[in-house]
Every structure is written in C-alpha cells, then in structure tokens.
Amino acid sequence: MRNLLVHYGTPLGAVTAADSVSFSLRAGERLGVVGESGSGKSTLALAILRMIKPPGRIDAGEVWLDGVNLLALSDEAMRQVRLARIALIPQGSMNSLNPVMRIKDQIADALRDHGLAPSRRQVEERVRELLESVGLRPEVADMFPHELSGGMKQRACIAIAISLRPRVIIADEPTSALDVVVQKQVMETLARVQKDLGASVILVGHDMGLMAQFVDRLGVMYAGRLIEVSPVRDIFTQPLHPYTEMLIASLPSLEQKGTFRGIPGLIPLLRDLPPGCAFHPRCPHAVDRCRAEEPRLREIRPAGWAACHLR
Amino acid sequence: MVQRSRHQRFGRRDFIRTGTLAAGALAVAPALTATAQPATAQPRTVARNRTLTLVWTGSREGRWIDYELWNPYAIGSNHQNGPGILYEPLAYYSAFADKEYLWLAESYKYSSDFRELTIKTRSGIKWSDGTPFSADDVAYTLNSLKELGPKVRWGVDVQQFMQEAKTTAPNTVVIKFKVPAPRFFYFMTYKYDIGVYIVPQHIFSGQDWTTFKHFDVAKDWPVTTGPWKVAFSSPQQKVVDRRDEWWAAKAGLAPMPKVERNVWLPSAGEQQLAQALITNQVDFGPSLQPATHPTVFRQNPKIVTHTGQKPPYGYMDWWPISLYVNNEKPPFNDKDVRWALSYFIHRQQIIDVGYVGASQVAPLPLPEYPGLRPYIASVKDLLAKNNTLEFDPKKGEELLTRKGWKKDGAGIWTDAQGGKLRLDIIGFGASGPAIGPVLTELLKRQGVDASFSLPPDFDDRFQKGQYTGAIYGHGGSVNDPYHTLRLYQSVSVAVPGAHLVNFARWKNEAYNKIVDDVFVTDMNNKARLTELFHKAMEIWIPELPDIPLVHNFHRIPMNTTYWTNWPTEQNAYVNGAFWHLTYAIVLWNLQPTQ
Amino acid sequence: MRSATAALHYVRRNISLAVGIVLLLALALFVGIGHLVVDTGKSRPLSAPAVRPPSAEHPFGTDRQGRDLLATMVAGTPLTLRIGFIAGFLGVGIGSLLGFVSAYYRGTVDTVIRGVVDIGLTVPGLLVLIIIAVSVKKGLTVDQMAIIVASLAWLNPARTIRAQVLSLRERGYVEVARLSGMSGPEIIVKELMPNLLPYLAATLVNAVSSAILASVGLEVLGLGPIDSPTLGMTLYWVNFNAALINGWWWWWSAPLAIILVVFLGLFFLTVGLDEIANPRLRRAV
Amino acid sequence: MRADYLARRVGVFVLIVWLAATLNFFLPRLSGQDPVRATLLQQASLGGHVQTGLEAMVKEYERRFGLDRPLWKQYVTYLRDVSRFDFNYSISSYPRTVNSIIAEAIPWTVGLLGITTVLSFTIGTLLGALLAWPGAPRWMRLLMPPLWALHAIPFFLLGLILMYLLAFRMQLLPMFGGYTAGAFPGLTLTFVGDVIAHSILPALSIVLVATGGWALGMRGMMVTTQGEDYVTFAEAKGLRRLTIFLRYCVRNAILPQTTALALALGNILSGAVLVEVIFGYPGVGTILFHAIRENDHFLIQGIVFTVIVALGVATLILDVLYPLLDPRISYRRT
C-alpha cells in the first residue's frame, strides 16, 4: 500500500482522514493497526476494501494485492475481490448480521454473488463446514442473529469472512463488544482459521494488550497518518515515536489487558490539523521544526519505521 | 423459540400471496356489489328522447338513502323523492292556475256545520295489480292515519280532526270530524308538499305502516293507481317507468304521459348539475344559483326557466323569507326594536348582492299568488301606514333613541343598562349563505352588533327557540290566508291540541281569536275571509313579529332539448317544482320534441 | 455574528429549510405589506362591486358579495395561520407533555395515557368537531375554531413524542442523570427536551399544518366561522357560488395559491427540520 | 405460548373496542341534539312545510328508538346489541337498518381506498427505496420535489383541482358518483369499466398525495438502514448491489412501513370522508358524514364501531403476523 490519501468532504471543507499511508504486508503475516478513535484506522480498513462512502473519497495511492492495484480495478472486479481475496471481519459484530435473515442465508448469498451457485444441498454442506470450522453447532445455520450470543455472532462473521478462502483478512476491532473470555475464544478462532488458510491478517483495534498477543507487526496511527510501524516486540520495548511511547507508558502493565489512559491534550480535529507534525501540540519533545515541517515515515532501524523529526 | 422459528418458513410467502389475492379481490368489489344489490332483472331500454332525467337534492351526499322506501307514510320516506307521482290523491290543486282537479274523488260536500264531509269516489279505477279501487281504500287510509297518529306522516293532522271515516256505499265515504273542519278536503288535496296519499287497503292492511317498505320490483310493488311503476331503485338512481294501463287516460281525464321513463338522480352539487344540463344529460333539476343561469344558457341555449332566460330565472315560491327574531328574548320582545331593524335593512341590496338582482322584495309573509292577491291588495292601507319594506335608518334611529338606546364609542347601539344590541343570526340551506353575510353587514353598518353562522343544528335551535335571529321562510298559504295566519298563532281554541309552528314566538290574544275565526270560516267565503285577514293584519303589521325580506324563488332549470311544454310564465299551468305533489300535472303536459 | 453566518451557511446547505423559510417569509411579507397598503375593511361584503376580474383597482378581483379579494387574502391569511398556530401549539404542548410523562414514568401512567390516546384516535374527528361546533351557540369565532381543531390535535403528537422519548430514555446520559439524583421533571426538561428540540420543532410545524388542513376542511364544508374572511371560508364561498363553472377563476386561484404556499412552506420547513433532527437524511437528498 | 399470546392480544383488543365503543356511544349524545327531531325537521325544511304532528312524532319515535329511556339503560341495550353486531335502525332513514346501510357502502370504500392504499404504498415504497439508493438513475431524484409538493397539498384541494382540469375542462373523466347515472349495474364490461372510470378521479387524488407520504417514509427508513453495520458488512462480503439493495436495505426498511400499511388499511373505512363527499363516492365516508350531520346516533355508532373493529383486527393481524416478517419480535411481547 502506498501513499493512500482519503478525503472527506464536509460542509466546512475537505478533511483528510488518511494521508500518505504506506505499508506492506507479507503472506501469512499478522499486522496490527492501533490508534485512538478518529485516528483513521477504520478508514484505512474500509479504504483497502474501497468502501469509502461519499462524501469521502480516495484521492491517491495504490493498494497492491498479488500484483494487482485494487484502486485501479473496475467496480465489478473490485466487488469480486471482496470476500474472495480480501475479507472483512466487522467491528460491532452485534449489528453486522442482518437481523431478519437466517445465518445460512447470509452465508449463501455471499457464495451466490461470487458466481458459486451450487445446489441447495451443497450450500447447506458448505455452511455446516464453515460453522464447524469456527466452532459453531450446525443448528446455528437456521437461526436468526438475535438468537445468538455476541461471541457466536462474531464467529458467524468469521465464518462468512473465510467462506471464500481469502488471501487477506481485515479484522476491524473484532472483539470490542465482547467480554474477556469470549474475546479470547474469538481471537483463538481467528488465529486458527488464519493458520488453516494461510492468509494474512490486518487487525485494527485499540487494545494494545490484544495486539501484543496476536500480531507480528504493529502500526500506529495518529490523525490519519501512520506514524510508526515496527515488529510488535520492538514497539513495546523501544518505541520510536513519542506518541507510541506515551501510548505504551499509559498502559497499566504489559501483561494486563488495557486501553489508553490519559495522554495530555486533545486529539486534533481532522479538519483543523496543526501545521507540521500533527502531534506536536501534545508532544513533550516538540521543536520548531516539528511545528513547520511534516515528518515522513522512514526506516529508522531495520524493520522499524517512524515519522518523527527527532529520530 | 429456536425450535419454533423453523416452522415459520412457509409463513411469509403465504402472507404475501394472500395479500396479493386480497388486493385483486378488492379491485372488483365495487362492481360486484353494485351488481348484487337489487337482484332484479335489468329494466328494459327506453330511448333518451322518451326519458326524463331529473336531479334532486332530496338525496344525502349524492345518494338515495330511501331508495327502498316506497311506502310514503314511513317517516324516513319523502314524497319529494319519487313516491309523490306514484300514489294519487283525491284531488290536485294548482295554485298558479288557481284550479282544483278532482281526481280519485268525483265530488265532495261538507255538512253545513263542517262537521261532516261526504266524498264520492270515481268508479272504474283500478290499482296497478288489477284490484278495483273503492271508497274503502279512502276510508282505510284515513282511519289508519287516525289510529297511527304520530307514528306516521300526516297521522297527527288527521287525528286532530277526524272522528272516523266510513263507507256508506262502494263509492261513498263519509268523514265525521271532532271539530268543524272546513279545510279538511283541501288538506287532503295534493298541492305543494301537503296532501294525503291514498294507499291500497289490500296491500297495506296487516302491515306495520311504520316499517313496511312496499318495495319489490319482482312483485310490481308499490301498488298504486298512478300510471307509473318502479322499474329499478338503488342509492344511485330511482327509475320509474310508465305503466300502459291507467284509469285516468281511459276515462279521458288526462292524456297518457308521453314520458316513458322518469329517472331520479341524486344531486351532486351545482357544478355537476350545470355540467349535466349543458351536455343534455339532465332535463330537470333543482334550483341553480341565479348567477349560474346565464353561464348555463350561454353553453346550452335549450335550457329555460319559469321566466325563460330572464331574471329572476324562476317562479315565486310559497316561502317568503324573513329575518326572524326571537320575540321572547329582550330586546326583541319590543316591537320598536323589530321595526328599527326593519328600517335598517336595505332589502334591494340583499337582492342585488345576494341574488345578482334576480329576486323580489316581500312586504308580507305570503306569496303573491292568484288566489292570495285579493287579500294582499286588501291590506294596502295598512302597509301604507307601516311600510314593511322601507329602508330609512333615520326612522330606526328615532325608534331606538326614543326607547333609550344610544350608540356607544364603537358606534354600537347600547341600552340604558349598557347592553349591546346584539343579533346572532343563524341560517341554513341556500337562503342562509345567500342572504346572511349581506344582511349582517347591512345591520352592522347601522350599529347593530350582528353576527352570522350556519350551525349544523339549525332546525333544532330554530324550533326550540334557542336563537336570537334567523333567516327562514313561511310554508303557509297558497290560496287561502288561513295557513299563513296560523303560523303566528300561539294558542288555538278551534283546533284542540293544535301544534305550534310559531317560530317567532310572538303572542297576541286578539290575533289568536281572529285566526280561530278564520279557521271555522268556509274557504269559499272570500268576503268574510278578507275582512278577517284585514283584522289580523291590523295587529300583525304594527307588531311585526318577524321582519319580511324577500321572496324565495325556485330557479328550476328545464331542458327543451327532448321535452317541451314546461310550466313557464306564459304557460303557468302549475308551479314547476317536480318535488311537489303536483309533479303529475307537469307530466300530463310534457311533449317530446323528437 | 459568526453563528449567524454559520446558520446562513447551514441554511444554504439545507435546501428544504431554505425553501420553506423563503416561502413563509414571502407570505409574511405579503401579509405585512398588505396590512400597510390595503384597507382590510374591504374584506367585508358590500365594499366593492361584485364579481369583477382583477383590475388596477382590485388587483385580485372581487367576489359575489362585494369583497375585495386582495383585502380578503391580506385579512384572511393571518386568520387561517392563527387557527393553525393556536391549534398546533396547543396540540403539541399538550401532546408532548403527555408524551413525556407517559414515556418517562411508564407503568400505570403510561398505560392510561396510551389507552386514552389510542381510544381517542378511534373517534371520528369530524364527529368531535361538529359536536363542539354545535355547542358553540353564537357565531363561531376564529379562536373558537382554533380550539375546536386543537381538541384533536394533541393525539398524534402525544403518540409520536412518547415513542421518541422511549428510545431516548434508554440512552446512557439519561441513565447517568438519573443516577446522579436528578428528579423526573428535571431530567425531562434538562436532558430529554433539549435532545428532542429539533424533533419537537418538526412535530410542531407538522401539527400546525394539519391544524390548518383540518380547519380548511371544516370551513369548506360550511362548518367554519362564516363571518371571517379565512382562506377556507373563501373556498366555501367559491364552492357555494359555483365559481368554477361560472369562470370566476380569480376568486379561487388566490386562496388556492396562498394555501399551497402555506402548505408547501410548512412542509419544506418540516423536511428541513427533520434533516437537523436526523442528520443521516441529509446525505441522500 | 402462542395461544397465551393470542388470548392476551384478543383480550386487549376487546378492551379497546369496548372503551372506544363506549366513548362513541356517549359522544354523539353530548351535543344535546335530538336526532329524531333533527331528521324530521330537516325533511320538513326541505319542503318548506313543518308538519302539524311534528312534536308528537318526535316523542313517538324517541320512544321507539329507546331514546327516551335513561342513558344507562340505553347504554346497556347498546352494549348488548353491539356485541351481536346489531346496530338497530337508522334514525335518519328509518326503517332501514344500520347494518344494511353500512353493508351497501363498505365495498365501495374498501374497493376505492383498498386499492389506492395498496397502490400508493407499493409505488411510494418503491420510489422511496430507489430515491435513497445511490445506484438509482439520476432522473429519479427529480421526482422528489414534485412528490413532496403533492404530498403537501390536502387531498380534497388536489381533488378539486383535478376535477376542474380533468373532468370539467378536458371532460376526460366523469365528475361524480360511483357509476354513470342511468346505467344499470350488471357484470358487463361496460359497467365495470364505468365503475373504474368513476373511481379514477378520487383514486388519483388519493394516490398522488399518499404516494409522496409513503415515499418519504421509506426514504427515511432506507437512509437509516443504509447506515447499519450489516449493510457495510454486506458490501464487504462483495455482494451485488441489487442483492444488498433488496435483501439488506429494502427488506429491513420496509418493516415499519408494513406496520403503517396495516394501520392505514384498518383506517380506510374512515380515512377519506372529504374525498368521498367531494366526489360523491357512495362509500362509508359519505355515510358517516351524513350520519354525523344528521346526528344519527345509531348510524354513527354502527360505522364507528365497524371502523374500530376493522382497525383492531388490522392491528391484531399485524401483531400476529409481524413476527413472520420480523423474526426479532417474538409472540411473547405485547
């Protein structure tokens, strides 16, 4: 992915939700993306799927998958790519399933719309297989979403996501609304199916603890920009960007699951970004250059990238 | 729940399928029910130029609600809506020709004290089912009315006067009265909306008159003596066809009507009526607004009225319109206040604005008909002294000022106690909206705090005296002054249990006595009647119980495309209201043009 | 100043709101300037020659009873709006009070209020209106007309506002307010009301427009204040005098045009307010 | 569980019907008007002659209709009669029964309003759905303002304008009534065509106004639905636009519309009094108008009761069937 630029048109002018975001993903790799809410991480997930809704739009950039630039594909071709090559496990699984359709129908229509229209019996069989692979009983196929628990729903979503054996799975805060035990089960399920498929995973979220356990590499986003990408171990031991540093410092402890706590200052409004480094008003180390010039993401140490003038 | 949800698979689709079916069924429902309503055979076809189609407002919101009711005595029934031409009377009276047509009766004679009436009926009359008509039918009709009293129409009127009716021979019926009743035969005679319908004893006896409908096309019901039969009846139309057997034609009393079919359509409003007249769909209809007539003439020159195509586009009704004030409520119990109001009203403006000039002022609450003209002429002297038509605000102001009224800061008349001269006028029908706003404005300009409204319960308020002012007419005399005079009678010695239609709630002992005298006077003793009328008016005019305004006109459009010889000014054989009981006379006279 | 420009900006984006405001402003201008320039006394009968088409002297023409129609429109439009506003305000006032109380307190109060509303909605409106019209023994005034219309105008607001409050009261901040010891009325006024304001405004505009509709309907049927030159009464006279077929087009086109402007204006205002209350709608216009 | 639910729903239904029936028993009597007198007087006024026996007749028929008895006795009789669906005689058209009058009018109203309601619902919902769908052709957007404008015009005003244009000026359609005056009902093509021709004007005025309403409602629901997570997820599933549109947006957005449709269908009996009155359509609306004007207690009670029952039944059916449409709603909830 290179130089992705996403704008949102608002009544008061365009807003840059993602700017010059670049990274690469290897087959079978698990990449995490963290950031505060509004930092552009969900936008990133949607952008990869080319699902940015008007008034937002992707202005520039390339998303390469197996030698194909997704952003250059026709709408129809892109539609075929979704689920078949890149699948999404949605945030807020509570509402991600159509409440008035049976689970199996929600799996079946994905199969059908990707040109796989096998017989009814084959569909049922495939559905059972998929449900089994995420650890759900076959009866679930005939149920409606409201008859399932949160964890079951999320597993159903995973079942849908893997139904066409995608190369990349984007999981957008897949566990945000679940309790710890269920969270763990779901993540285990996700890890298992990923392994079975040999797919890469982009895990979007703000739970550092979860990231630490699950991903290989971690990207940090701030104000629509990717400010650091490093192997997960490196990030926790030696963060490169001051923001990452503060982020990690704010965790109660590494072993415990935790979320962000007090970083001084406010997240800047996307439509009203400060000049220079977007983080400088909150950065304790800010120098004049930070206020004037926007830093670029560069490799600071092997496999460790950051966008900071101070490094 | 999990288990159950599996059984619902079929549900939604079934639901949608049923819904679609139901929607389809809905589409044809009106057509089907309209068909199913009267399960009778289709009536035969009658050519348009032998059909007389009329529109009448006796319907409600565009539909006949009484289409099954052909028993004219049931209270829901109304002779205006069709039954009027089916049942024949003992006699007809045309006020315009001032002529009586003895009909089922051949002759009648009162005893000298007017306590007994002997009627001879014609022979050779047959009911439509072939049964011979006889005096028994007359006696049966009258005795039943007496017995049923308030349960049926006209029952009380008969009950008040009649002791009994008895047949003394097949064609003779003798009626004994409780009190002298010199107007009983006249009462039974068809004119305007009053008259007794003679019904067949062999059909009606044993039936409950209050609920009997007398309608069955298959049985050729209703059974009547007239030349008509009901061919079809529904909320949308009543079709009455000619019967080819009619005693009166055989007897040479009247020509067989040329009209072969009468269609009564419910009224849908003035615009629809005008439209239908222009396109010759309709031959005869209820009054149009005076301003609409020229529009209709312009588009269909074949339409005429009583006065051709000239104003007032109609004939004078028996219903002169007054401004009623409640004589029981101060300050309107004061005749000077009533007279002041009269002087305040510029009647010609009401005519000019309310009726585009197409009307006529009314000095008295009587129509100026041939039979009444002598009486009206006889009170000229009284009207000269107290001109009921005079517009002279000065005189009105004088009257009020003399009684201690003063105009307040806002120019409103106020009495000594500070009470305003407030007159809340109510109205209804066509006369209310036509007159009300203009009248109110005229009174306001003279300092009367007047208002106008059209309450839905006008009749109720008016009859119970829950009003201060009202616009209403007088359904009284057409040839004999008694009927108008009695409208102001507050009590009667001569007629025990007489009703009160004294809407103005005016009371005058001397007047009451005079009207009682009129009541027992022979209708033909015109000299005596004129004398009594003058005496009554000597009281009435200075008192002015209600304030006469204008005459009412029936501006009936008549279409000469298919039919001619309509009742008009030049040819005034009868008044042209087809809803009146004399419509039969019009039907005798109409001639086809094609 | 800044907020004013912001508001202006917003209005420019919210086309419906703009259209509604422009239409109603135009009407207000018409009435306002009319009252200065035109003698509204000419809306009484006998003040002009009868049935004249528009001319320099009578720009809107005159009617059968000699009313100048321009004067009638100038005098009548505010009367019709007055009926609408009185009835609308009363209706929404009573309706929202009941709606708030019903939804906030639930339980028996709710059952009773909801029952009353449900049953009230079964009564044919015309019946109630005629019964009240009948019991007014004097000539009906414009304000009485408004109250008659208001007698039914509270039912629908009560129902819809109740539903809105029901969904709101489950929100977190209401819970927080309750836990922090705020009293019921306080929560209703401080927490619920402000959040429902755009919705209430839309409901109000809606209620005003239905009230005008009801009053015009009654008036066309002849059940209105005969004496007053309201728009509905003007249409009643149009109908009574068969102006349509007599070709007196100016007589009905003026009130019709004004009624259309009123309804369209109010309608676009509601749509605009809806967009504020429910920003998602904005997108798809 | 289901039987329980049904029993409870029916119980609530009966309670509502009873209360509403009670209210509608007392309301017409509140006006203090005497329907017998009003009817007789109105007839008399038509002819300009007030009959001698009027006062006595009023008394006689008040007794016959039981209107002279104490109110509570009348009420008890009323409840008994109503429970048997017997509404007694009509006061204003005695001796016709209320039932026969209503039976005559219902098919017309159900036909006209049933069709127009279903039609405007279908068109409106479809339009509303398309209007909210980004994939819809651009010209569809142009439909929105006229739809809105039409929706803002009251039924009867639009009816009058249409009548003037189509029936009066162009003379394309009949102005008034259920079928041509002088035509005899029969199951012939001409007659059915005639009935349909007569229904076009009133139908058009209803459809034009109501369609806008349904479209607006549907559009609002669609916009809300499109923001739902499951629609986003459906898109991420790579579904076709049409699939998402039909199965994820329309299918869900239509649910509240369906509720409204059921209520609208339940309400059709009393829904369009003015339209029916203006076009002289021989339906329940004109009868109700007539009954109210004449203060015909029994006829009012009969019609209102029928309307309440129709509405109640519609709601009941909806409540029972709704879970089929929306699996989230279970039978256990009221």
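So that the names make sense, note that chain A is the first sequence line, chain B the second, and so on, each numbered from 1.
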**Student:** So, are K146(B) and D157(B) salt-bridged, with charged N and O less than 4.0 Å apart?
**Tutor:** no
**Student:** Between I287(D), L119(D), I106(D), V58(D), who has the most heavy-atom pairs with chain B when the cutoff is under 4.5 Å?
**Tutor:** I287(D)
**Student:** Among I65(B), V282(B), N552(B), which has the most heavy-atom pairs under 4.5 Å with chain D?
**Tutor:** I65(B)
**Student:** Name the member of Q159(B), Q275(B), K151(B) that forms the most heavy-atom pairs with chain D at distances under 4.5 Å.
**Tutor:** K151(B)
**Student:** Need one label for F279(D): side chain, backbone, both or neither, based on atoms under 4.5 Å from any heavy atom in chain B.
**Tutor:** neither
**Student:** Salt-bridge test for R63(D) and D68(D): reply yes if a basic N is under 4.0 Å from a carboxylate O, no otherwise.
**Tutor:** no
**Student:** Can you confirm whether the side chains of T57(B) and S267(B) place a donor and an acceptor under 3.5 Å from each other?
**Tutor:** no
**Student:** Give, as side chain, backbone, both or neither, the part of S77(B) having an atom under 4.5 angstrom from any heavy atom of chain D.
**Tutor:** backbone
**Student:** Please determine, by modelled atom types, if T97(D) and N99(D) share a side-chain donor-acceptor pair under 3.5 angstrom.
**Tutor:** no
**Student:** Would you say the side-chain atoms of D296(D) pair up with the backbone N or O of L299(D), donor to acceptor, closer than 3.5 Å?
**Tutor:** yes
**Student:** Highest number of heavy-atom pairs under 4.5 Å with chain B: which of G283(D), P282(D), S199(D)?
**Tutor:** P282(D)
**Student:** Using non-hydrogen atoms and a 4.5 Å limit, figure out which bit of Y61(D) sits close to chain B: side chain, backbone, both or neither.
**Tutor:** side chain
**Student:** Supply the atom-to-atom distance W318(B) CH2 to I194(B) CD1, rounded to the nearest 0.5 angstrom.
**Tutor:** 4.0 Å
**Student:** If you count heavy-atom pairs under 4.5 Å with chain D, which of N71(B), L69(B), D66(B) comes out on top?
**Tutor:** L69(B)
